[in-house]
Amino acid sequence: MPELPEVEAVRKGLNQLVQGKVIQQVTVDWPNIIDTTLPIDEWSQLLQNERIEKIERRGKYLIIYLTHWALISHLRMEGKYNFYPKGQVPSQKGKHVHVRFLMTDGSQLEYDDVRKFGRMTLIDPQGVGRYFEERKLGPEPTKEQFRLDDFASSLKKTKRAIKTVLLDQKSVAGLGNIYVDEVLFRSKIHPETKADLLTLNQVETLREQIIQVLQEATAKGGSTIRTYKNSLGELGQYQKELQIYGRTGALCIHCQTPIEKIKVGGRGTHYCPKCQPLKA
DNA sequence: TTTAATGTTCATGA
DNA sequence: TTCATGAACATTAA
C-alpha cells in the first residue's frame, strides 16, 4: 500500500481518529513486527497509559508521538491501520492483525499486515532526528527541502541506474516502485540511465516531477493497486491517474507505442521505449 | 506449480 | 568503500 502519498493519507486518518486517546492495553500477536530487545510483554507495558499526542510523517515513516515515547511505524509493503469505535470492536481478531491498541474509551486501533513486513519501534522523542540521520534518509520532496544543487551532486556521484537511486530514499524520501515509474515517464528518462549521465536539465525536470507527482497523489489521497482503504474507509483516487505503472502492453498516451516491462534492480519497471530512450 | 507483488535490511563477493 | 545481487521477512493471487 504505502508510498509517501498513502502514508500521508494514513497519517491524516490517524490524527483524526486517535489523537488525544489514551492507550489502555497493547496486545502483540506477531512479535516480529516489533523491533525491540525487550521481552514483548515488557515492551507492551511501556505503552500503557500513554496519550497519543500527534502523528507526523517523515518519508514513508509514521511517527506517533506519545506522552513519553515516539512510536515509529513503517508499513513496508502491505501494512494498514484499522480503527473501531467503542462497541464496534470485532470479537475475534482478523487473520492478519498483529498489534492491537485498546484505548481507555473502549475504541481500538489495529495494525493489519498480510505479509508481516511492517515494523514498529519505540524510541526517545528526542532521538527522532537521529533515527532518520542514521538511515541517511533524504529530504522531503518539497520545493523548500528538496534542493536542486544537493540532488544534482548526489546523482553525479553514482553510476547506478537512476531508478535504483530514486528508490533507495537517500537522495529524496518517499518514492516507491509506482511513483518512481510515473516520475521517470513524465520526465522522459529511461529508468536504466546511469545517474551521473543525466544533464542538469534532466535533473531539474526530474526534481520538478518528483515534487509534483507526489504532491498531486497526496492531494488525491494516494493510489494503490490492491483494494486499499485508509483508516477512514476512503479509497485513494490517484490510481486512475497512473500513466505507466501496471500498463504493460497498453499504448503510451503520447506516442501509442506499447509500454514495456523490464527488471531494474530487481523491481518490475514500466516504461515507454520511444518516449524514454536509453543513451550511452 | 511458479511467479510477482506498494519495501527495507542484511550478507556476500567483486 | 562502493556496488550489485540475492536472500530474508511472509502471504496471496494470477
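Lettering of chains follows the sequences in order, A, B, ..., and the numbering in each one begins at 1. It should be emphasised that the depicted structure is a prediction, and the values quoted were computed from it without experimental measurement.
C:dA7 and B:dT3 have their P atoms separated by 13 Å, with the value rounded to a whole Å. Going from the P atom of B:dT8 to that of C:dT12 covers 23 Å, rounded to whole Å. Taking atom P on both nucleotides, B:dC10 is separated from C:dA10 by 16 Å, rounded to a whole Å. Separating the P atom of B:dA4 from that of C:dG6 is a span of 13 Å, rounded to the nearest Å.
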Per-nucleotide pairing state of DNA chain C [Watson-Crick or G-U, under 3.5 Å; [ ] pseudoknot-crossing; | other strand]: .||||||||.||||

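In the set B:dT6, B:dA5, C:dT12, the nucleotide with an atom closest to the side chain of A:Arg115 is B:dA5. Which of B:dG7, B:dA4, C:dT11 sits closest to the side chain of A:Lys116 comes down to C:dT11. The side chain of A:Arg160 lies closest to C:dC3 when the candidates are B:dT6, C:dA10, C:dC3. Listed nucleotides B:dT8, B:dA5, B:dT6 differ in distance to A:His74; the shortest reach to its side chain belongs to B:dT8. Side-chain proximity of A:Ile178 to C:dT12, C:dA10, B:dT6: nearest is B:dT6. Checked against C:dT12, C:dA10, B:dG7, the side chain of A:Asn32 finds its nearest nucleotide in C:dA10.
Distances shown here put a side-chain N or O of A:Gln169 below 4.0 Å from the OP1 or OP2 atom of B:dT8. Within the structure, a side-chain polar atom (N or O) of A:Lys95 is placed less than 4.0 Å from OP1 or OP2 of C:dT12. Within the structure, a side-chain polar atom (N or O) of A:His96 is placed less than 4.0 Å from OP1 or OP2 of C:dT12. For C:dC3, neither phosphate oxygen OP1 nor OP2 lies less than 4.0 angstrom from any side-chain nitrogen or oxygen of A:Lys159.
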CA sep, side-chain torsions, deciding dist, call: A:Lys220, A:Glu241, salt bridge (charged side-chain N to carboxylate O under 4.0 Å, His left out): CA-CA 10 Å; A:Lys220 299 198 177 197; A:Glu241 319 279 329; 3.0 Å; yes

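Looking only at atom types and distance, the side chain of A:Glu208 has no donor-acceptor partner in the side chain of A:Gln212 under 3.5 Å away. A:Asp113 and A:His98 form no side-chain donor-acceptor contact under 3.5 Å, judged by distance and modelled atom types alone. In the model, A:Thr199 has no side-chain atom that pairs as donor or acceptor with a side-chain atom of A:Asn201 under 3.5 Å.
Taking 4.0 Å as the cut-off between side-chain N and carboxylate O, A:Asp196 and A:Lys159 count as a salt-bridged pair. A salt bridge links A:Glu140 with A:Arg58; the closest basic N to acidic carboxylate O contact falls under 4.0 Å.
The distance from atom CG of A:Leu62 to atom C1' of B:dG7 is 14 Å, rounded to the nearest whole Å. Protein atom CG of A:Asn177 is 7 Å distant from nucleotide atom P of B:dA5, rounded to whole Å. One interatomic measurement links the two molecules: CE of A:Met77 to C1' of C:dT11, which rounds to 11 Å at whole-angstrom precision.
A salt bridge (Lys or Arg N to Asp or Glu O under 4.0 Å) with A:Asp168 holds for exactly one of A:Lys136, A:Arg160, A:Lys163, A:Arg267; it is A:Arg160.
The line from CD of A:Glu192 to CG of A:Leu278 is 6.5 Å long, rounded to the nearest 0.5 Å. We find the CG-OG1 distance between A:Leu184 and A:Thr269 to be 9.0 Å, quoted to the nearest 0.5 Å.
By the 5.5 angstrom centroid cut-off and the 30-degree plane limit, A:Phe117 is classified as not stacked against the base of C:dA10.
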Each nucleotide N or O in nucleotides 9-13 of chain B that has a protein N or O under 3.5 Å away: list the pair and distance.
{"residue": "B:dT9", "atom": "OP1", "partner": "A:Arg135", "partner atom": "NE", "Å": "3.4"}

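Annotation: side chain of A:Leu137 is not in contact with side chain of A:Tyr131 (no heavy-atom distance under 4.5 Å).
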